[in-house]
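For the numbers below, each heavy atom of this structure counts, side chains included, while hydrogens, waters and symmetry mates do not. The residues of the chain are indexed from 1 along the displayed sequence.
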Amino acid sequence: MLQMEEENRLLLLALIVMPDHLHSLVRLRQDTQLSDALRLFKGRMSPHLRQLNLRWQKGCFDHRLRDTEELAPVLRYMLMNPYRRGLLDTAEKLWPFWYCEPETYRWFQGIADDGKPFPEWLNRS
């Protein structure tokens with residue numbers, strides 16, 4: 001599991017790196033604000049992005065899942081993004097620029113079709 005050890009504020013569950021953006025799914029410590037976690041993440045990543053002559057996109061969408069919200073639709077949306085963008089055919093296995101924490105992946109693998117998306121997922125995501 002990837003953690004920001006010194007602050008122990010978040011646990012990275014899944015990450016999809018796209019050509020022009022990224023999707024991440026993190027579990028925050030109960031007393032951590034989403035805005036604080038994003039500021040910490042962006043601050044740590046900014047020097048690396050500058051070395052590549054890249055910058056953060058202005059504005060972003062963030063959402064904290066409530067206890068009543070399910071994880072499956074969010075993870076499915078993230079994993080389907082490269083397929084919806086036409087970067088992969090649905091017959092191909094998952095996008096190579098992704099990470100999924102092992103426990104989360106074991107759960108996902110049980111509902112996936114040998115690491116490939118079910119075609120109907122593209123319509124539901």
Roughly how far apart are [X] [atom1] and [Y] [atom2], rounded to 0.5 Å?
| X | Y | atom1 | atom2 | value |
| --- | --- | --- | --- | --- |
| Met80 | Leu88 | CE | CG | 9.0 Å |
| Asn81 | Ile16 | CG | CD1 | 8.0 Å |
| Leu49 | Lys42 | CG | NZ | 10.5 Å |

> Does the side-chain contact (heavy atoms from CB on, under 4.5 Å) test come out yes or no for Arg85 and Asp20, once each step is laid out?
Replying inline: CA-CA 11 Å; Arg85 296 279 304 269; Asp20 59 352; 3.3 Å; yes
Any idea which heavy atoms bring [X] and [Y] closest together, and the distance?
| X | Y | answer |
| --- | --- | --- |
| Tyr83 | Trp95 | OH-N, 4.3 Å |
| Met78 | Leu15 | CE-N, 4.1 Å |
| Val17 | Leu22 | CA-CB, 4.2 Å |
| Glu101 | Leu12 | CB-O, 3.6 Å |
| Leu79 | Trp98 | CD2-CE3, 4.0 Å |
| Tyr77 | His23 | CE2-CE1, 3.6 Å |

> What's the verdict on side-chain contact (heavy atoms from CB on, under 4.5 Å) for Leu87 and Met18, showing C-alpha distance, side-chain angles and the deciding distance?
Replying inline: CA-CA 9 Å; Leu87 300 171; Met18 299 290 290; 3.6 Å; yes
> So do the side chains of Leu40 and Arg44 get within less than 4.5 Å of each other, counting heavy atoms only?
Replying inline: yes
> Residues in side-chain hydrogen bond (donor to acceptor under 3.5 Å, both in side chains) with Glu69, at least two apart?
Replying inline: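 For Glu69, the residues satisfying side-chain hydrogen bond (donor to acceptor under 3.5 Å, both in side chains) (neighbours in sequence not counted) are His63.
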